[in-house]
Amino acid sequence: MSAQAEEILALLQKPGVLTEGLRRKLLEPLLPPTEKPYVPYEEFLARADEDTLAEWVQGEVREYQ
């Protein structure tokens, strides 16, 4: 392990540094992608209004910013 990696590991092992949110962000790229739930078209229409920037594609809701 490199000296830089050892420094980072030592920092993360200090109490209070590795919060739950930071832990999740660090683990996210390492975990397999989760499947998105199927959303029926009728449910999508019921939830969406004229201000919703989203589209329904084969049961997946794709939201845009």
Handout entry: CD on E42 to CH2 on W56, rounded to 0.5 Å
Key = 8.0 Å
Exercise for the section: Look up atom CG in L26 and atom CG in L18, then write down how far apart they are to the nearest 0.5 Å. Expected result: 6.5 Å
Practice task
Establish whether V57 and F44 are linked, either directly or via other cluster members, by ILVMFWY side-chain heavy-atom contacts under 4.5 Å.
Solution key: no
Between [X] and [Y], is any pair of side-chain heavy atoms under 4.5 Å apart?
{"X": "T19", "Y": "R23", "answer": "no"}
{"X": "R47", "Y": "V39", "answer": "yes"}
{"X": "L22", "Y": "L12", "answer": "yes"}

Handout entry: Over 12 foreign heavy atoms within 6.0 Å of OH, Y64
Key = yes
Problem - Crowding at CD, Q4 (>12 non-hydrogen neighbours, <6.0 Å) - result: no
Exercise for the section: With sequence neighbours excluded, tell me which residues meet salt bridge (Lys or Arg N to Asp or Glu O under 4.0 Å) with E60. Expected result: K36, R62
Problem - Which residues share a ring-ring contact (aromatic ring centres under 6.0 Å, His included) with Y38, sequence neighbours left out - result: none
Handout entry: Closest contact, heavy atoms only, D49 versus T52
Key = OD1-OG1, 2.9 Å
